[in-house]
Protein chains: 2
Amino acid sequence: MMTTYTKAAGAPLTERQEARRRRILRATTRLAAQGGYDAVQMREVAELSEVALGTLYRYFPSKVHLLVATMYDQLEQLGGQLRRKPNKGLPPRDRVVDTLLRAFRGMQREPHLTEAMMRALQFADRSVSAEVDGVSRITTEMILDAIHEDLSVEPSTEELAVIRVITHTWHSSLISWLNGRASIAQVRLDIETVARLIPDEEPAAAAARAAAEDTRGE
Amino acid sequence: MMTTYTKAAGAPLTERQEARRRRILRATTRLAAQGGYDAVQMREVAELSEVALGTLYRYFPSKVHLLVATMYDQLEQLGGQLRRKPNKGLPPRDRVVDTLLRAFRGMQREPHLTEAMMRALQFADRSVSAEVDGVSRITTEMILDAIHEDLSVEPSTEELAVIRVITHTWHSSLISWLNGRASIAQVRLDIETVARLIPDEEPAAAAARAAAEDTRGE
DNA sequence: GCCAATATTGAAACTCGTTCTAGATTACGC
DNA sequence: GCGTAATCTAGAACGAGTTTCAATATTGGC
């Protein structure tokens, strides 16, 4: 769970292949951080990672796949960092806001990289579903971790819906900020606003209530 | 306000030019409805609308501009339709849900067209800010109309934040549905969930309270 | 170690968004 | 109406994502 776990384990990848894959992701991150989405040019990525263009396409079947995979990779690292600061003591809602704002601050440090990954994520079509779902899953886990101090509780349908809405808001308002259509303050306000959907009871009580609701709902 | 009002009135456009513009938008709509984003190819649009490629680019400086303009155009028509059904009697929250679900049903009828417009909207970068803002404005007005029976009230900052969050959710969950990553039921649930942010008081009372809050906040 | 299957390389080719050019055509002030 | 500036047309050309292919290298099974 904490070590590199390959997304779908389609092929076991030899050591050299794993190294190639990492070189590609590193090159992508570098180019994206410098010039954003447009600067990630497949020929450049291939050259920088010392891999033939055809090989690049064998590993990542499109530019969007490549950037979504990069996002997944970055999120795994970020996730580790965020988990290290448990921000206990706050009510769940504030913990979520705190987590998202901290992530946001991280992204402000690499706006081009963020832009490249977010544009790809939003532009992705069905052919990238699997990869996008991966990103979605890891994001959900991150928010879930922030809500529950106890990590073992099973999230309710209701809770998952709230988390989806939070994620939607998070992505869209990030895009607005990147495009200069929203200020940092506005992003923060939007996050605080959507976080109101999280009940402010004790996590345990909330879980219990949600579970009860789960039984009747559907 | 109800007649065709040109977005920025940059140039007054002669009659033939206005006709060209409409031909282009019509061709775009047609192609998009048939095959979605990928089927909207600039050469095809130019040919279908009987305009030279260079001219197409003079009217719409990129494919994304073109599709966002198409979305604006479609929204204007949709707005007229939605306004005709005032769905009175319901609390504001339900009116909003009702409006969005009705819009959603409209989009289900033309999934390819929806996909083309939404992908472009989400992919748009800063160079399309003005046009995206136009779409954003018309969407906000639509939701605002649904919240207030009285159209003349000035929206509060708080209310605008809620509307932004609703719009974010609306766009993102639509994309998820188009990409096959969310079911229709899930989109509906997400809309109902985010709508909980709308206070269920009388519109007048809500406005008053929001105004008061406005004074102290920010 | 050897063979067959698979992966990698390098380079050309193809597609579609976008730009550019040169020559008509149209709009408009006088 | 006339001349000029702006607009439009047809088509070539360019750029970046993607595909293809023959030649070469690596890997895994025996």
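Bear in mind that the values here come from a model prediction, so they are computed numbers and not experimental data. In what follows, chains are A, B, ... by sequence order, proteins preceding strands, each numbered from 1. Below, all heavy atoms of this structure are taken into account, side chains as well, without hydrogens, waters or symmetry copies.
Of the listed residues (A:Arg26, A:Gln41, A:Arg30, A:Arg43), just one forms a side chain to side chain contact (heavy atoms under 4.5 Å, CB included) with A:Leu48, and that residue is A:Arg30.
Considering only side-chain N and O atoms, B:Tyr59 lies under 4.0 angstrom from the phosphate OP1 or OP2 of D:dC8. Residue A:Gln17 places at least one side-chain N or O closer than 4.0 Å to OP1 or OP2 of C:dT8. The shortest distance between the side-chain N/O atoms of B:Arg16 and the OP1/OP2 oxygens of D:dT7 is not below 4.0 Å. Note on A:Arg58: a side-chain N or O is less than 4.0 Å away from OP1 or OP2 of C:dA7.
Closest approach to the B:Arg43 side chain among C:dT18, D:dG17, D:dT27 is made by C:dT18 (side chain taken as heavy atoms from C-beta onward). The nucleotide whose nearest atom lies closest to any side-chain atom of B:Thr55 is, among D:dC8, C:dA13, C:dT9, D:dC8. The side chain of B:Tyr57 lies closest to C:dT19 when the candidates are C:dT19, D:dT19, C:dT9.
Salt-bridge check for B:Arg196 with A:Glu158: passed, with a basic side-chain N closer than 4.0 Å to an acidic carboxylate O. A salt bridge between B:Arg137 and B:Asp133 is absent, with no side-chain N of the basic residue lying under 4.0 Å from a carboxylate O of the acidic one.
A:Glu50 places its CD atom 10 Å from the P atom of C:dT9, with the value rounded to the nearest Å. Nucleotide D:dC14 holds its C1' atom 16 Å from the CE atom of B:Met42, rounded to whole Å. Summarising the geometry, the separation between CG on A:Asp38 and C1' on C:dT18 is reported as 13 Å, rounded to the nearest angstrom.
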